[in-house]
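Okay, structure first, notes after.
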Amino acid sequence: MTDRKDRTVFDSWKLTGELANFILNQDGLTHLDDWGGKEMVREILPEDYQANFDRVQTDLVNCILKEKNRASAHAFVDNITAYTDWLNGMLDRGKLACYHYFPISVEIMLALDVAPICYEVACGLNAALYTEGSEEGIDRIEAEGYPDHLCSTQKGTAGYLLMGVLPKPDVLIKTATPCDASNRLYEWTSHKFKAPLLTVETPYYRNDRGLKYMMRELKLMISQLEKLSGNTLDEDKLREYCHFGNQTLDYFLKIQELKKIIPCPDTGWHRPADTIFMTQVGTPMGVDYFKRLYEDIKARAERGQGVIPEGVRERRVVYGYTWEVYDLSFFDWLEDNLGVTYMADTLTYLPPDVGFVDTTNMETMLEGLAWRTLQMPMGRQVMGFSDIWINDFANLVQAYKADALIMGGHMACKHFWALNKLMSDKVKEETGVPTLRFEMDMFDKRFTPPSELRRIMTEFFNTL
Ligand code: SF4
């Protein structure tokens with residue numbers, strides 16, 4: 001069983017969820033300045049919340065207090081609270097701590113009664129919530145000698161493991177996709193903490209042959225996990241979790257359709273959080289988050305409302321790769337200051353043919369989960385033929401009637417730097433839509449700070 005002090009990161013999320021609910025429930029509070037600023041609001045908080053409140057990004061608090069963001073904010077904070085309770089409960093009951101790469105199905109892990117912890121979420125959520133972000137973890141692993149140009153989506157978590165603020169892994173699961181950078185840190189973690197690493201090889205081809213290969217790999221992973229956990233994969237349990245996954249995907253795909261409406265009825269601030277909560281596909285918390293999001297977006301669409309100020313012309317963007325998680329309020333700033341709405345990106349897009357898991361029997365369920373794993377964000381785009389990625393975005397720009405393609409290039413994704421000109425040329429040729437390209441780091445704000453993001457966007461949209 002993991003030690004309670006090894007759960008400092010989880011406990012701080014739970015406290016942040018409770019704190020956010022407390023703040024959202026204060027009548028008449030729509031901005032911290034309404035009540036004299038952050039210092040003054042701190043004084044009305046229960047003492048237990050104050051230190052946590054100091055850490056939470058001020059702009060994020062003001063962002064979630066806005067009327068248009070409240071429903072999604074409630075769904076977000078309720079999810080964090082429920083998720084940490086659920087995870088802590090599993091760890092308290094002595095379940096194996098299974099760190100996994102984000103596109104892997106948690107349905108299988110849950111049906112095998114192990115506690116899934118998404119490696120990338122562990123530092124991603126810290127980057128999203130707190131002023132200090134995930135930098136302490138990143139610095140810690142780099143001090144160990146890990147190269148700084150590799151991926152912060154794992155570096156932060158690796159650092160936290162060294163700092164002893166996350167549970168030690170009992171087992172790790174990693175798809176070979178999408179990149180060497182991520183594979184290296186899973187290998188490091190396996191060696192450092194003497195935890196077995198289950199590698200799931202992934203095919204290049206997204207066809208029947210590729211699917212069969214993926215099924216074989218998934219079955220191998222299951223047999224290894226069965227040996228390690230001492231449990232056998234239970235068909236009924238797997239079916240139960242697959243139903244949760246299907247419900248979540250149903251809401252997710254409906255949201256994708258709603259975002260095509262003009263004006264866009266969905267707020268952009270939670271787009272990175274949507275990726276975080278996609279790691280909960282297969283859990284009741286995942287269903288709840290995407291259901292509430294769907295209801296909020298649908299209601300706004302039915303009222304014919306958008307999310308930008310009245311009288312401002314909407315400029316719709318699609319991100320050709322990833323978001324920056326360290327500044328959620330940036331996407332709200334884009335709406336309110338530049339009239340820019342944010343439709344989709346590689347990390348929150350699922351192709352319509354991903355479909356649902358057929359729960360008829362064990363074989364159909366594994367086939368559905370294998371297919372979904374192949375199509376999940378990053379896996380689908382990064383380890384495969386670049387035509388898939390390029391065509392996806394040429395189609396998305398058209399489907400969402402986007403005015404610009406934004407390509408924030410994460411510094412660790414070497415493959416992306418090879419691809420971005422091909423994609424922007426193709427999108428320009430097929431749609432006439434221009435592309436903005438710039439460098440950033442998805443989790444580490446020191447690379448392209450929030451003020452620089454705003455400067456880049458202002459310059460681009462003033463020119464556009
Ligand atoms: S963000 Fe890029 S470098 Fe990091 S894990 Fe994903 S593909 Fe690899």
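Atoms within a ligand are numbered from 1 in the order they appear, just like the ligands themselves.
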Suppose the cut-off is 2.8 Å; how many protein N/O/S atoms fall inside it around atom 8 (Fe) of ligand 1?
1
Only heavy atoms of Met442, strictly under 4.0 Å: list the atoms of ligand 1 that pass.
1 (S)
For ligand 1, is any non-hydrogen atom under 4.0 Å from Glu120's backbone (N, CA, C, O), its side chain (CB onward), both, or neither?
neither
Note: ligand 1 atoms sitting under 4.0 Å from heavy atoms of Tyr101 are 5 (S), 6 (Fe)
So, Ser134 and Tyr326: side-chain donor and acceptor under 3.5 Å apart, yes or no?
no
Taking the six-membered ring of Tyr294, is the NZ or CZ of Lys254 close enough (under 6.0 Å from the centre) and on axis enough (within 45°)?
yes
Do Tyr205 and Asp208 pass the side chain to side chain donor-acceptor pair (under 3.5 Å) test, and can you show the C-alpha distance, the side-chain angles, and the key distance before you say yes or no?
CA-CA 8 Å; Tyr205 292 89; Asp208 280 351; over 6 Å; no
Tyr321 neighbourhood, listing ligand 1 atoms whose heavy-atom distance to it stays under 4.0 Å
2 (Fe), 7 (S)
If you measure from each non-hydrogen atom of Phe102 to ligand 1, which part falls under 4.0 Å: side chain, backbone, both or neither?
neither
Is a side-chain donor-acceptor pair under 3.5 Å present for Asp78 with Thr81?
no
Can we call the ring centroids of Tyr204 and Phe385 under 6.0 Å apart?
yes
State whether Trp389 and Arg380 meet the cation-pi test: NZ (Lys) or CZ (Arg) under 6.0 Å from the six-membered ring centroid, and within 45° of the perpendicular axis.
no
Using side chain to side chain donor-acceptor pair (under 3.5 Å), reason through Asp11 and Thr8 one step at a time and then give a plain yes or no.
CA-CA 5 Å; Asp11 290 339; Thr8 309; 6.0 Å; no
Any donor-acceptor pair under 3.5 Å linking the side-chain atoms of Tyr289 with those of Asp274?
yes
Quiz question: by atom type and distance under 3.5 Å, do the side chains of Ser182 and Lys174 form a donor-acceptor pair?
yes
Enumerated ligand 1 atoms positioned under 4.0 Å from heavy atoms of Gln154
5 (S)
